[in-house]
Every structure is written in C-alpha cells, then in structure tokens.
Amino acid sequence: MDKYGILKKYFGYTQFRQGQETLIDAILSGRDVLGVMPTGAGKSLCYQIPALLLPGITLVISPLISLMKDQVQTLNQAGVHAAYINSSLTENQISKALALAARGVYKIIYVAPERLETYGFLSFARQAEISMLTVDEAHCISQWGQDFRPSYLKIIEFLRQLLRRPIVSAFTATATEHVREDIACVLGLRQPELLVTGFDRKNLYFAVETPRKKDGYVLDYLNAHPADSGIIYCATRKNVDALYGKMQEAGIPAVKYHAGLGKEERRQNQEDFVYDRRPVMVATNAFGMGIDKSNVRYVIHYNMPQSLENYYQEAGRAGRDGEASECILLYSPQDVMINQFLLESKEPNPEFTADDLAAIRERDAGRLRAMNYYCLSTRCLRAYILSYFGEQGQSRCGNCANCQKEFVEKDATEEAGKIIACVRELRGRYGINVVAGTLAGERRAKLREYGVETCQSFGSLRSMGEPSIKRMINQMLAEGYLAMTLDKYALLKLAQKSDMLLQGEQKFVVRETKQEISQQAGQHAPAASRRKSDILNSKGLELFERLRALRSEIAKQEGMPPYIIFSDKTLVDMCVRLPFTPEELLEVSGVGEHKLEKYGEPFLAELKSYTGGAKEKLYFGEVGDAAACLDAAALPSRARGARQKAEFFLTEDAAAQFPYAEKYLAPELAVKLNELRDEAAAKKTSGAEILRRSQQQGLSEERVVDGMRRKFVTKKGEEAGLFLGMRMSKKGVEYEDIYYGKPAQQMVVGWFTQ
Ligand code: ADP
Ligand code: MG
C-alpha cells in the first residue's frame, strides 16, 4: 500500500493538506525533516503515515502524558497498533509494553523524554529496529521557546547510543527563526527538509472587544452558544475562581483549571472537558498544552495575554477540526498593568546570566507592547498577527471584527501633530487621561492641580472632544507614532516615528467605526467563515443532532472522547451524502476501514431510520457547494449577522407591551426596554446609549459648569417630553438629572422598534 492507500484506509481522508506530502516524501526517501506548521494543520499524519510504511518502529517523543494518550487513542481507533510509555504506567505495565514492543507488536511508540535514559528502555531500543525518531512539539528543546523542557536535551544523547541512527523528524508550531535554528542545531538534524507552511488559520474569526462588564459579556456569550465547547482564559487564578463561581450560579456546565488545584482535581476537570461532559473550561494558561480536543468552537481571553506568541497559541486551540470558530479577546487597559506585574514577578531561571536576564526582560516588554497594540488596532487583526510572525498576508481578511466593521477614514495629520506637541510640552510625564484632558481643554480639578491649564496645548483640540482624542492617541500608539511606558503609570512618550509626522513626511489617517456591516440589512461581509453544519437545513440539522447523540452514547460506552469516534465534520458529511451502504459510508470524509467496521452499523441504521431510506437533499445549495464547504480550505462567504447578536432592537409586538409611566430616568428606561428584547437576537441597550442618542438628536446637552459636568435639556428636548428633575446622590448631594416623560418614552421606544 502507498501513502494514499494509508491515508484513506486508516484515516479516512482522500487528500493531503498543504505541506503534508512534501514532508512524508522526504521522510520516505530517508531524509531528516523539520516541519513548522500551525496548530491544527495536521502534523501528526506527517510522521504517522511514514511510520506505517517504514520497515521498523517509530518512536515519538512527546512532552505530555495527556498528549500521548490522545494520540494513541486516535491511532488505535483508526486500527493502528500504537502504545505509550510514560510515568502514568506501573513498572509492571512498562515491562509488558516493552516486551510486546520488542516482539514488533507496535509500529508507533510514544515516549516521554525522561524515559529515554532509563536502562530498560535503552536496552530495548538498542535491540529493536528503530526506523524513525520523531520529536513532536520540538520547540520544547529551545531555551528561547516558552515551553523549554530540559529533558528534551536528553534526546541527543539517546540518539548517540543507538547502534544505527534512524531518520529524525521534528515538528512544531512555533514560528520564530530563532527557535527553528535551535531545533535543527540541538537535535543535530542532517540537511533536513525544512518546511514552513503559512500560519494563517482561515477558519478562526478574530475579535477584540472592550465590554464594560467582562463577566456579563462572557455569560451572555455562553448563553448564546449553549451547544458549543470552548475555553475561557484568565490571567490569574483569582479571576478563574471568580468567573467559575458566576458560571455555576448561572447553571453553565463548566470546569476550571489552574495550578492552585490539586493534581487529581485538575485531571478530573480536564477529562470532563475533553469528554464533553462539561464543555466549558475556565483556566489560566496552565491549561492547554497537550490538549488536542478538536471541537473547541471558541477561545475567549478574559485578559490580554503577555505576547502574541502566547495569544496565537492559546487562541489556536479553537477549531482544530477546521470548522469556523471564534477567538475573542476582552481588552481593558488594566490588563497591561497586570501583565507587567506578572512579568516582573516571574522567577528567573537560575541558569541565566545577568545579561541574559536583561535581554529577556527587554524582549518580554517588546512582546507585551506588540500585544497591546494588537488590541488597539483598527486594521485587519489577522494581517497584524501574520505580519508579526513575519508573514505577508492580505491587508483585509474579511473574517475578523475589524474587517467586518465599516470605518470612515480621514486625514488627521494636523490633529496628530497637536497631540505630539502636547506630549512634548508635558515632557512625557503624564498618561492618556491627562494628555487627552489637556488637549480637550477640560477644567478638571486634577488637571488644575498639575498646572496644565497654562500650557500652549491646553484646549488645542477642544472641538474633537475627549473620547475622540483618546481613540486617536490609541491609534497613534498602535502605529508607533507615540510610545507608552509599560509600568503602572503608562506614561505617554514620543516615539522614533513621531518626528516623521511633524515634518510632514508621513500622513496620519484615522479610522473610526461607522457601523458594523453585519447589521446592515442585506449586506454580506466578504469571505466570512461558516460552520459546516450551517449548510444543513432544519431536517438536516435534526439528523446531525441525532448522529451526535449516537456518537455520545458510543463514546460513553467506550470511555472515549466523542471527537475521537468521529469528528463533527464527518457527521455533517454523513448528513449531506446520506450513505446507506458500507461502501457509501467509506466515501465520507474521516471514515476509514477500521472505523467503518467498528461503528458503521449503528450509524448506517440511524441514517436509514431517519430518512426511511430516501436520499433527500438535507442541505442548502448545490452538491458542489456542500462539497466545497467540507473542504476547510475553501470557505464560502456569508454574513455573520445570523449568528452574531444585533444591536438592541424591539419587535413591534414587544414594543406594544412597554410599561409607560409618568417619568423614567434613562437607565430605568433601559431596564424596561431590555426586559422586552429577544435575548437570543439582540444585545442590551443602556442608559448611556439612550442619553447619547438624545444628545445626538439635539434633545439634551452636557456642559461643564464650574468644573462639574452637568446635563441640560434643549428647547427641542422639552418639546419632545424631556425635563430636568432633582435627584439625590448616595452621599446626600442633590443634583439635576434628565427625566423622560410619557411622550419622550414613546419616542425612545420608537427609536428601537423594527
Ligand atoms: P497538529 O498536530 O498540526 O496541531 P493534528 O495532527 O492534531 O494537528 O491534526 C488536526 C486535525 O486535522 C485532526 O483532526 C486530523 O485528523 C485532521 N487532518 C490531518 N490531516 C488531514 C487531511 N489530510 N485531511 C483531513 N483532515 C486532516
Ligand atoms: Mg500535534
């Protein structure tokens, strides 16, 4: 059998993915290889297929027990004889496994690097025929990588002790040149075939959100995606515990994971997550390495991570099966400080010299800065990530939040110049609040205290308003026209590029959001990802759910995670093709001979009973569309609107039920309105939103009087039914606020009714 035969027979696929064939061919011709491919690209097949074609045994070095277990389960399911040897086995089990291995029972054996130097293993390896040594997660060998494991250095010594040097293949998802060189050099690869595939993960949707209440955002998201599995990463254990508590209150089937939990609890929680018993995981970054769960539909970062390296690796745990998945980062400027603190309190590796440490600190600060600018960027998020990793991508991907927003661009070189002048005048001693306040000419007590009122810059951008100035400063930071200290003071400084703007060498273009494209009726966002199951019609979806239930049942009986039996993609393909015979089932993507034999019958029975044996069309579009849909590389376009909540709106029926009263404050109005909304379709509105609209329509105003921000109702506002009334603050101070009378309430309801 050749490589294509193996691909179909054991793995059930008909085509290789980008890069796989090159690496497989190189190995089969006896060469060492180094494969650098992003998470989910399919690195495992690159060594598993040659392993089945080479005469002897392939040893796979893998850093984590969970990773080995997952891989071996998957292989056994596919009908490949594989085993792992690590500390989760007893000495007795290990000697048995080695005895079987010596008799040639296993083609592929996974081992932990620590195992390589033990006497028993070494004597086995010196007698057996080892055709290939594979190093998975090979970046663990580099001291510069995030996950350096000293035990990986033992691999070289082990290789030296073998009687015949096997082919050495190494795989990693870490892109940087530095790490790549380390791997080739430290492992002593001999003129390896080096293959680096693109780092783009087309099925992942990227977004940065700045919700006022992160908890609320997360809970809303989970409620809107109840059937999906996902991970929420927090920066600290405390955050994990707090968020987990809220999820429990809300009845969400979640588990948590961080280094403060006992070993057994961590193991149990991880298993509950992997087996989909509890599909939501809240964790610190201690969780994830070695988790190959393929159906993770979203990864939400509750805090900004320390670097894009970390972010892309963690976010990349979504959508390994190639299905559309979401990576959302919840940003707040405080995250920068938390990270700064975490970096400072990191235990230094005692083996590093003072120079090393200084270099590492500088590197970390630079990484954090780049991460922060990602969050502030108004340009294509994917393009930002790819260019960070040294890859040139399209400037607009169409499948990230920024590409789906409509921006208005305008030349703001002059305004940017004024901002730079202000930072210079204040000599880089203040943060964004003081700088923006100064430019806007605000009469705040704090500003008076700092004496900025006498500056030339004071009020020089008054017409822009403080929020717009702040947005512009953030954009200047993101594009390198200003810099910010990464301590808790976050002081604004001039940057190298600042001068270019002042001297007119470069233009500064601001981009401001107009409206999310997805909210505009009938408009389609370009090239947005969709899920495979989106191609199914309602009857198809029902069948899909039945097949999922069947899969869960089998998984439970066998003690396997469901996705190891069949992936979601495979189930959708079944719904599209409706196979009724074993031959037809074999045509389905992801069904190999072994799985056909093991699970074919119950699935065929379910397919027949549901359809009554009739090949109905249970999907939208043409056969070709459906086929293309199942190919992760070709994702057709679709507006995301259908799955994402729209801004707040009411249906006419809901609006008719509004409880009108004599008067409401804006926040009270918002509460009443929100009670009537369709939670699944619309986001909440807020008092602030209602006030903003009132101001926009010239019904009310905010002015600063005697250093205090005060609200006013305009003539037009009075006519519409707004009026000022007295309120009492918590401290017992009386102040004026805007009330909405009945006609005004009707107007507001009208704004939001569709
Ligand atoms: P990596 O190790 O690169 O992160 P994996 O080897 O775990 O990725 O593969 C990710 C997923 O892609 C697995 O579910 C695997 O079955 C699937 N896959 C790999 N190669 C192919 C292929 N040629 N066609 C379809 N699916 C594939
Ligand atoms: Mg892998």
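Ligands are counted one by one from 1 in listed order, and the atoms in each one are counted from 1 as well. Numbers for residues simply follow the sequence, beginning at 1. All of these numbers come straight from a predicted model, not from anything done at the bench.
Comparing heavy-atom distances from atom 4 (O) of ligand 1 across Gly19, Ala173, Gly40, Gly590 singles out Gly40 as nearest. Comparing heavy-atom distances from atom 23 (N) of ligand 1 across Gln15, Glu21, Gln48 singles out Gln15 as nearest.
A donor-acceptor contact closer than 3.5 angstrom links the side chains of Tyr4 and Glu21. For the 3.5 Å distance criterion, the side chains of Arg317 and Tyr233 qualify, holding a donor opposite an acceptor. Side-chain polar atoms of Tyr10 and Gln48 form no donor-acceptor pair below 3.5 angstrom. Between the side chains of His258 and Thr284, not a single donor N or O lies within less than 3.5 Å of an accepting N or O. Side chains of Tyr599 and Glu558: a donor-acceptor N/O pair is present below 3.5 angstrom, by distance only.
For ligand 1, one of its N or O atoms has an N or O atom of Tyr13 under 3.5 Å away. Where the criterion is an N or O separation shorter than 3.5 Å, residue side chain and backbone included, Leu45 fails it with respect to ligand 1. The distance criterion of under 3.5 Å between nitrogen or oxygen atoms is met by Lys43 with respect to ligand 1.
Of the protein's heavy atoms, Gly42 CA, 3.5 Å lies nearest to atom 9 (O) of ligand 1. With hydrogens left out, the protein atom closest to atom 11 (C) of ligand 1 is Arg320 O, 3.7 Å, a heavy atom.
Per-residue contacts place Pro38 under 4.0 angstrom from the following atoms of ligand 1 (heavy atoms of the residue considered): 3 (O). Residue-ligand proximity, Thr39 to ligand 1, at heavy-atom distances under 4.0 Å covers atoms 4 (O). Every atom of ligand 1 with a heavy atom of Ser44 under 4.0 Å away is listed here by number and element: 2 (O), 5 (P), 6 (O), 7 (O).
Under 4.0 Å is where a charged nitrogen must lie from a carboxylate oxygen, and between Asp200 and Arg382 at least one such pair does.
When heavy-atom distances to ligand 1 are checked against a 4.0 Å cut-off, Phe16 comes that close only through its backbone atoms N, CA, C and O. At a heavy-atom cutoff of 4.0 Å, ligand 1 is contacted by no atom of Ser294, backbone or side chain.
Within the 4.0 Å heavy-atom cutoff, Arg17 counts among the residues contacting ligand 1. Not a single heavy atom of Ser567 lies less than 4.0 angstrom from ligand 1.
Note: Tyr312 and Phe199 have tilted aromatic rings, judged against thresholds of 30 and 60 degrees for the angle between ring planes. Ring pair Phe566/Phe603 is perpendicular by interplanar angle, where above 60° counts as perpendicular and below 30° as parallel.
Checked against ring pair (Phe, Tyr, Trp, His ring centres under 6.0 Å), Tyr388 has no partners two or more places apart in sequence or in another chain.
For the pair Arg277 and Tyr275, the cation sits on the ring face: its NZ or CZ lies under 6.0 Å from the ring centre, inside 45° of the axis.
Distance check on atom 19 (C) of ligand 1: some protein heavy atom falls below the 4.0 Å cut-off.
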